[in-house]
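Just below is one structure, and these are the notes that go with it.
Note that this is a predicted model, so its numbers are computed, not measured. Just so we're on the same page: letters track the sequence lines, and every chain starts at 1.
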Amino acid sequence: MERQEIFDGLLEIFRSVRQIDPEKLKNATEETDLVADLNVPSTERINIVIKAEQVFDVQFDDDDVDDLGSKMKDLINLIIETKKIV
Amino acid sequence: MVSPNRKVAIVGIGGVFPNCKDLSDFKQRLFAGESFIREWDETLLYGSSFRSKVSGFIDPKDISIETAYCSVVEGYAREYIDTLNRIPAGNMATSDMSAIGSMLGALGAIEMAGWTESEIQSEQTGVVIGTNNGGHALERPAWKGIFEKQQKTRLMGAHSAIRVMVYREAANVSGLIKNKGVCESIGSACATGLGNIGYAYRLIKFGLQDRAIAGGSEGNSIETFAGLDAMGVLSRGFNPEESSRPFDKDRKGLVCSFGSGVVALEEYEMAKARGANILAVIDSYFNNVDGDGDLFFPSFSGQKRLWKGMLDQHPVRPDVVKVHGTSTRAGDPVELFSVVDVLGDQGYHISAPKSQFGHTLGAAGAIELITAVMMLQEQKVLPCLNANNFNTELEPLQRTAEWDGPNYPINHYKHLISNKIVEKEINQIVCLNYGFGGANSAMSISKPS
């Protein structure tokens, strides 16, 4: 799975999160920060992780979720790494 | 400022009511004498497990709420969506249906009260709303995923602890309106609704708050329904609309129902000074516990002490007694005899709104106080629907050696109990509610002068 494909899939997930302003997603890049740029409440991040697991058919390690950074690229990297292990 | 002379006004009402779209729909159909009780499809899913099949339940669609289910945890409501955008998505995310009902009720009550943003967000504004059940509708499917399928706990979502916590209604309402006074919840089973309003009344009466959003709420819960069905206290064997029949000699039990009732309370002189539409004035509130060690059976002496406590605070001569009137074999006679023991058998009517929408448990005291406010507004007594025939013989408790109450059968008091709406002058109503565990609560309200 290509990075761009994962990025597009994550954007689709973010669009389904009712607490994210869709306007803020228009110029999103891998450097976009969920907290600083998208104002995602900290508690909402775990709900995004759950959706990512479903969409990309992976199950993250609990410790990896704990250590996950808040940028789009952090989530993309985790998905790629987890898929490699599997 | 602490002052026992402060009075408390009801300046707003709101809520979510069984089988109704909104407050005005509820009011219109209440005074048309309708029943809101239906066969509950959830009970039908479990075959013969449930003996009772009827309820005044909340269909989210009736109040324009959609449910988004989790795709991997079967039956788990990942989030609820307010299709009318009355509640922001962030507040919906931390709520179950009971909290949503409380928020909708609070918004309605505040709009009616006409409070400004600075009044709402004041340190002098409190939120006191309670419930009777623990958020089972969310917990059951989530726990099934964890304990039976070894699914990750995170599939419950990050908000699950808040969505089921015991004061979720108060917390979510407070989060929505951003008040800065107290935010808490009192539980006393089926006295919860009136108990929370009574506590809020005391906060204002004794100067700790100037305003309060108060009430009780009960989200649909098949688990709560099951517990009551197990006790054998639920009505069965009648058509849905005939199932709740307080005081009728053929009554078989209560109808387990759900909903939310919220009132806006305000210190009387402040409400008057800003020209508020005062719906009613609270004369007094009193509560106690039976003290006989019996957590189930109602107590005649406990209820007599309840009346005495209320009368000692403030003499009342109600035109209507809005009874708890559950339609159970045990509860109705004890309550009727305690009322007539204090008030005699002339000069007032008995109203049992549960006959129309069933027993909304933790919401009952709040929703029924709202019906009492409506009776003051309409000058009409809501009926004891289906109270068609009365026992002409003494009740078993009247035959016991220790009985010291009235010695007439229920039929002797049939002139107090109408199965139709009665039009009359109504200036004062006493509201009564009781809860398992022996909790008793009474509030008197009057038409504003």
Side-chain angles (χ1 to χ4, degrees), chain A residues 6 9-26 28 33-72 74-75 77-79 81-83 85-86, chain B residues 60 64-97 99-100 103 135 138 141-146 149-165 168 171-172 174-176 178:
Chain A
I6 296 173
L10 285 176
L11 266 189
E12 205 53 44
I13 289 172
F14 288 2
R15 286 193 191 99
S16 74
V17 177
R18 299 175 68 245
Q19 295 183 65
I20 296 179
D21 180 358
E23 282 297 311
K24 291 182 176 169
L25 293 175
K26 283 184 178 168
D33 191 293
L34 271 63
V35 179
D37 301 322
L38 300 181
N39 296 329
V40 175
S42 59
T43 51
E44 198 62 41
R45 288 172 60 199
I46 198 71
N47 295 335
I48 290 172
V49 166
I50 298 166
K51 286 183 180 177
E53 284 182 312
Q54 291 165 35
V55 168
F56 298 104
D57 192 26
V58 289
Q59 189 171 88
F60 303 131
D61 186 84
D62 289 331
D63 291 339
D64 289 341
V65 173
D66 287 345
D67 296 339
L68 184 63
S70 59
K71 291 188 174 177
M72 290 269 287
D74 298 321
L75 198 43
N77 290 339
L78 179 61
I79 292 165
E81 287 304 311
T82 309
K83 276 194 166 289
I85 293 166
V86 172
Chain B
S64 304
I65 301 293
E66 284 182 0
T67 308
Y69 288 98
C70 178
S71 57
V72 283
V73 182
E74 189 183 350
Y76 183 62
R78 178 169 49 78
E79 65 180 326
Y80 295 101
I81 298 161
D82 177 12
T83 60
L84 299 181
N85 292 317
R86 295 157 294 188
I87 302 169
N91 300 93
M92 293 294 284
T94 54
S95 299
D96 73 332
M97 280 303 297
I100 290 167
M103 289 193 286
L138 287 175
W143 287 355
K144 193 174 175 186
I146 296 165
K149 298 180 180 174
Q150 283 78 49
Q151 289 176 323
K152 291 277 187 190
T153 56
R154 64 169 170 261
L155 294 178
M156 292 174 79
H159 305 302
S160 57
I162 290 174
R163 295 173 83 195
V164 301
M165 66 185 180
R168 61 194 181 277
N172 274 290
S174 198
L176 176 68
K178 300 184 176 66

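At least one side-chain heavy atom of Arg154(B) sits less than 4.5 Å from a side-chain heavy atom of Asp62(A).
Close approach to chain B, defined as a heavy atom under 4.5 Å from one of its heavy atoms, is seen in Ile50(A), Lys51(A), Glu53(A), Gln54(A) of residues 50-57 of chain A, taken by number. Below 4.5 Å, heavy atoms of chain B meet heavy atoms from Arg18(A), Gln19(A), all part of residues 10-20 of chain A.
More than 12 heavy-atom neighbours from other residues, nucleotides or ligands sit within 6.0 angstrom of NZ on Lys152(B).
Taken from CD1 in Ile46(A) to OG1 in Thr153(B), the straight-line distance is 8.0 Å, to the nearest 0.5 Å.
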